[in-house]
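Convention: sequence-line order gives letters A, B, ...; per-chain numbering from 1. Side-chain atoms are counted along with the backbone in the values below, which use heavy atoms only and exclude waters and symmetry mates.
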Amino acid sequence: MKSRKPKLAVWKFASCDGCQLTILDCEDEFLKLASEIEIAYFPEATKKVVKGPYDLSLVEGSITTPHDAKRIQEVRNASKYLVTIGACATSGGIQALRNFQNVAQFASIVYARPDYIQTLEKSTPISANVKVDFELQGCPISKHQILEVISAFLNHRKPQIPAHSVCMECKAKGVVCVMVAKGIPCLGPITHAGCGALCPAYNRGCYGCYGPKETPNIPSLMRWWEGELGVKRQDSVRVLRTFNSAAKPFEEASTQMEKEGA
Amino acid sequence: METAILSRENFGALFESLNKLGYSIVGPTIKDGAIIYDRLQEVSDLPIGWTDEQTAGKYRLERRTDEALFGYNVGPHSWKKYLFPPRRRLWKANRDGKTLKIETESLPEEKLAFLGVRACEIQAILVQDKVFQGGTHKDPYYQTQRARLIVIAANCTEAGGTCFCVSMKTGPRCTKGFDLVITEILEASRHEFVLEAGTPTGQELLAHLPVRAATPQEEQRVDEGVANAARQMGRHLDTSGIKELLQRNYEHPRWREVAQRCLTCANCTIVCPTCFCSTVEDTSDLTGDHAERWRNWDSCFTMDFSHVHGGSVRSSPLSRYRQWMTHKLASWHDQFDTSGCVGCGRCITWCPVGIDITEETNAIRKSES
Ligand code: SF4
Ligand code: SF4
Ligand code: SF4
Ligand code: SF4
C-alpha cells in the first residue's frame, strides 16, 4: 500500500534557470514524476502552491543577497531533505567571479544607481549557508542524473552519482582522448563525471562544467598544460574561473597560480 | 606448421572467407585521430598507409611512405571491450502488484573475428582468460563470446615508442593463442602476407584462401621482421625479481613523487588490456516497480573502489597509484601466476600527464643499487 505522496519543492536563488529547465525537459519522465510525487512548489512549472513542510527540496542558485541569505534558512527549515542542483547552488556559479574582485566596483559600472543595489560581497554555495543533504553538480545538471537522484530519494536508496573523472566516461564510450591525440587542453581528468564526456566526444576539451571530481590534482594537470601544450598561465587561470570558479579546489588552484605568476 | 603466402591483391579474400564462415570482423580503423578497434566491412577500412607516433602522454597519426595494412602499433582501444563490455546490464526486475519478475540478459550470439591482434594483446587475452574463466566463478558473457571468437593475429615488424613486449616476454612474435597469424612483407616490388595457422580453425580458414606455399626465404622474412621490431622497443623494463622489488618498497619515497603528478583519472587502468575491475550498480525508476542491475568498468583509482563502511581505504592518490602499479607488476603474480602487464605501452601513451610505469619501476630499482 502506498502512503501519502511525498511533497517536492523546487527553489530558485541566483541562477539562470537552466537546471530547472532540465527538470522540465524530462518530458515523459516528468509526467511519471508528477504521478509519484506531489509537486508542491515549483513556480517555473506550475502556479499551484502547496504549503510546506516539504519532503524533498531541490535548490537551484547561489546566495548573493541578504534577502536570499535569509530565505535559504526558511527553505531549510521547511525541508526534510535538501538537494542542491547545479554549479550555482553547489559552488557559487559563474556569479562567484565577483569573489575574486570588488563587487562595489562592478555595481558602480553596471548600474545607474548602485545605491539601490543590495548585494553580498561574495556569491556562496548553499552548503556555505545551510546543511545540504546531497549536491548534484553540473552546469546545467544532467536529466539522467536528476531523475536518478529523485528515484533514489523516492525508493530510499543511495543515488548512483559517481564522483570520478570525466575521463572514465570518455574512455568507456571509446572516445579518443583529445589531449593525448591532438594536444587539445582538456579538464576531464580533474572534472566530475556526469555529462557523458560530451565535449571530448565532439572533439573539444572538457570545460569543467561539472566542477571538481573527487581528489582532483589541478596543479599537475596545469603543469602539463603549460609545459607540454603551451598554455599560458593567464589562460589556465581563466579556464578554472568559469561556472565553478569558487569550488574549493578550483579556487585554491587558480589563486595559487595567479600568485605564482607566469 | 604450414606457411602460406597471400598477395595484397587477394587480401580481400580473407574478409570474404571470414564472412562466409559467419564471422563479423572487428579490427583497426581510423577514427578521431587515432587507430581504434571497430567493425570492419572491407580491406579499405583498415588504416592503410598510416602509422602512429607514441610517447608518454602523446599520440599522433602519421602518414607512412608506403601502403602498409598493418604498419602501426596498438591504440587507445583494446580487445577487452568485446569480451568484457564497458557497460552491461546483468538483469532487470519488474514488480507487478505482489509478484516480482526477474529477466536475465541474453548472451552474445555473434561470432567475432579479431583481425590484427598483436602478440602483447594475445597475451592480454590469455591473462583475462585466467581472470574471467580460469577460476571457480566464470563470467558467462566472457565465456560465450570467447568461444565464438577467431583470432587473426599480426606480427609486429616495427615497434612503437612506448612498446616493451620484449621486456615482458610477450612479443613481438605471436607464438600462441591465435588461429591464424599474418606477417606483412612490403618491398618496392612486392606486397604480400605470410600466413601461419595456429589451430584447426585457422587451418580451415587458410584452406579457403587463394594462397601458395611460402619459400624458406619468405619464412625467414618473418624472423627478420620481428627481429626488427624487437630492436625498436621504445621502453625497457628489467623484470628480474620485480615482484620482490616492489613488495619490499611499499614505503619508497618515489611513490610520493609520482603521486604529485598522478591525476587519479583512471585512464591507465581503462586502456590497460588486462585490467578487469568493474562495479555493480543497482538502479530503480521513479515508480520503484522497475529495477536494473548494471556492471560498469571501474578502476582502483576511484574512491568508491575501496569504499568500505566509513570511507575509502585508499583515500590518498599515493595509495591508489601504488595499488595499480604493484597489482600489475607484483601481486598479479600471486593472484594469477603471471604478470598483469604485457608491455603494450598503452598506460604510458594515454596517461594525460605522461606517467610511465617503466620509468617508475626503474627508478625504484636504481635507488637500491
Ligand atoms: S579527452 Fe579529456 S576527458 Fe577524455 S580521456 Fe582525454 S583528458 Fe580525459
Ligand atoms: S600496465 Fe600498461 S603497458 Fe602493461 S599491459 Fe597494462 S597498459 Fe599495457
Ligand atoms: S590495476 Fe586496479 S583496475 Fe587494474 S586490475 Fe588491478 S585493481 Fe583492477
Ligand atoms: S597514472 Fe596517469 S593515467 Fe593513471 S591515474 Fe595517474 S594520471 Fe591518470
Side-chain angles (χ1 to χ4, degrees), chain A residues 2 26 29-30 32-37 147-148 150-160 162-184 186 188-191 193 200-201 203 213-221 223-225 227-229, chain B residues 30-38 52 54 56-61 75-77 81 85-87 259-271 279 281-288 290-291 294 296-299 301-305 312 315-317 320 349-355:
Chain A
K2 270 194 181 160
C26 292
E29 291 286 335
F30 187 74
K32 236 192 245 168
L33 175 68
S35 66
E36 296 301 319
I37 204 164
L147 286 168
E148 167 61 16
I150 300 173
S151 303
F153 169 80
L154 287 171
N155 294 296
H156 313 288
R157 62 175 175 83
K158 190 177 151 238
Q160 301 282 1
H164 56 228
S165 66
V166 171
C167 298
M168 280 191 62
E169 295 187 297
C170 196
K171 283 282 186 298
K173 265 189 156 178
V175 172
V176 173
C177 176
V178 299
M179 196 148 69
V180 171
K182 290 173 191 149
I184 300 173
C186 180
I190 57 166
T191 301
N203 204 19
K213 80 168 188 73
E214 60 188 13
T215 67
N217 185 349
I218 303 170
S220 169
L221 183 65
R223 276 197 301 274
W224 185 265
W225 277 25
E228 303 289 325
L229 308 182
Chain B
I30 290 182
K31 196 168 169 247
D32 294 334
I35 294 166
I36 61 150
Y37 295 148
D38 208 343
D52 45 30
Q54 302 193 37
K58 192 171 175 193
Y59 177 104
R60 290 292 181 276
L61 277 183
H77 289 193
K81 68 174 185 171
R87 259 176 83 65
Q260 295 282 317
R261 296 170 62 205
C262 178
L263 309 168
T264 63
C265 64
N267 273 301
C268 48
T269 53
I270 304 284
V271 294
T279 185
E281 181 185 282
D282 287 332
T283 58
S284 54
D285 72 350
L286 291 164
T287 62
H290 181 89
W294 287 77
N296 303 332
W297 280 358
D298 200 3
S299 162
F301 279 98
T302 74
M303 291 279 274
D304 255 357
F305 186 87
S312 174
S315 55
S316 72
R320 280 177 267 162
T349 301
W350 299 96
C351 171
V353 290
I355 293 172

Next item on the list: Flag the pair B:Trp350 / A:Cys177 as yes when at least one side-chain heavy-atom distance between them is below 4.5 Å, and no otherwise.
Entry: yes

Next item on the list: Check B:His77 against A:Gly174 and note the closest heavy-atom contact, atom names and distance.
Entry: NE2-O, 2.9 Å

Note to self: For B:Leu286 versus A:Leu154, what's the shortest heavy-atom pair and its separation?
What the structure shows: O-CD1, 3.7 Å

Checklist line | Under 4.5 Å from any heavy atom of chain A - which part of B:Ile36 | finding: side chain

Check: For B:Lys31, does the NZ atom sit with more than 12 other heavy atoms under 6.0 Å from it, leaving out its own atoms?
Finding: no

Notebook entry, point to check: In Å and rounded to the nearest 0.5 Å, what is the CD1 to CG distance from A:Ile150 to B:Asp285?
Noted result: 12.5 Å

Next item on the list: Search all heavy atoms of B:Asp32 against all heavy atoms of A:Lys182 and return the closest pair with its distance.
Entry: O-NZ, 3.3 Å

Margin query: Is B:Thr279 in contact with chain A via its backbone, its side chain, both, or neither, using a 4.5 Å heavy-atom distance?
Written below: neither

Item checked: Per-residue contact mode, B:Ala291 against chain A (heavy atom under 4.5 angstrom) -> neither

Notebook entry, point to check: Say you draw a straight line from SG of A:Cys167 to CG of B:Leu263; how long is it, rounded to the nearest 0.5 Å?
Noted result: 7.5 Å

Next item on the list: Check whether any side-chain heavy atom of A:Lys171 sits under 4.5 Å from a side-chain heavy atom of B:Val271, and report yes or no.
Entry: yes

Notebook entry, point to check: Using a cut-off of under 4.5 Å for heavy-atom pairs, which of B:Pro317, B:Pro85, B:Gly75, B:Gly354 has the most such pairs with chain A?
Noted result: B:Gly354

Notebook entry, point to check: What residues, two or more places apart in sequence or in another chain, satisfy salt bridge (Lys or Arg N to Asp or Glu O under 4.0 Å) together with A:Lys32?
Noted result: A:Glu29

Note to self: Is A:Leu147 close to chain B through its backbone or its side chain, or both, or neither, when contacts mean heavy atoms under 4.5 Å?
What the structure shows: both

Note to self: For a 4.5 angstrom cut-off between non-hydrogen side-chain atoms, does A:Glu228 reach B:Val353?
What the structure shows: no

Next item on the list: Measure B:Phe301 against the heavy atoms of chain A and call it side chain, backbone, both or neither at under 4.5 Å.
Entry: backbone

Check: Just one of B:Thr264, B:Asp304, B:Thr302 clears the side chain to side chain contact (heavy atoms under 4.5 Å, CB included) bar with A:Glu214, so which one?
Finding: B:Thr302

Note to self: Tell me the closest heavy-atom pair linking B:Thr283 and A:Gln160, and the distance in Å.
What the structure shows: CG2-CG, 4.0 Å

Next item on the list: Could you tell me whether a side-chain N or O of B:Arg261 sits under 3.5 Å from a main-chain N or O of A:Leu221, the two making a donor and an acceptor?
Entry: no

Item checked: Non-hydrogen side-chain atoms of A:Met168 and B:Asp298 separated by less than 4.5 Å -> yes

Notebook entry, point to check: Going from CG on B:Asn267 to OG on A:Ser165, what distance comes out if it is rounded to the nearest 0.5 angstrom?
Noted result: 6.5 Å

Next item on the list: Could you tell me which portion of A:Asn155 (side chain, backbone, both or neither) has an atom closer than 4.5 angstrom to a non-hydrogen atom of chain B?
Entry: side chain

Notebook entry, point to check: Given that the side chain runs from C-beta out, which part of A:Lys213 has a heavy atom under 4.5 Å from chain B: side chain, backbone, both or neither?
Noted result: side chain

Next item on the list: For A:Ala181 and B:Gly33, work out which heavy atoms get closest and say how close.
Entry: CB-O, 4.0 Å

Next item on the list: Apply side-chain contact (heavy atoms from CB on, under 4.5 Å) to A:Thr215 and B:Arg320, showing your working.
Entry: CA-CA 11 Å; A:Thr215 67; B:Arg320 280 177 267 162; 3.2 Å; yes

Item checked: Interchain contact, B:Ser315 with chain A, by part (heavy-atom threshold 4.5 Å) -> backbone

Next item on the list: Identify the two heavy atoms, one from B:Ala259 and one from A:Asn217, that lie closest to each other, and give their separation to 0.1 Å.
Entry: O-ND2, 3.6 Å

Check: What part of B:Arg87 lies closer than 4.5 angstrom to a heavy atom of chain A: side chain, backbone, both or neither?
Finding: neither

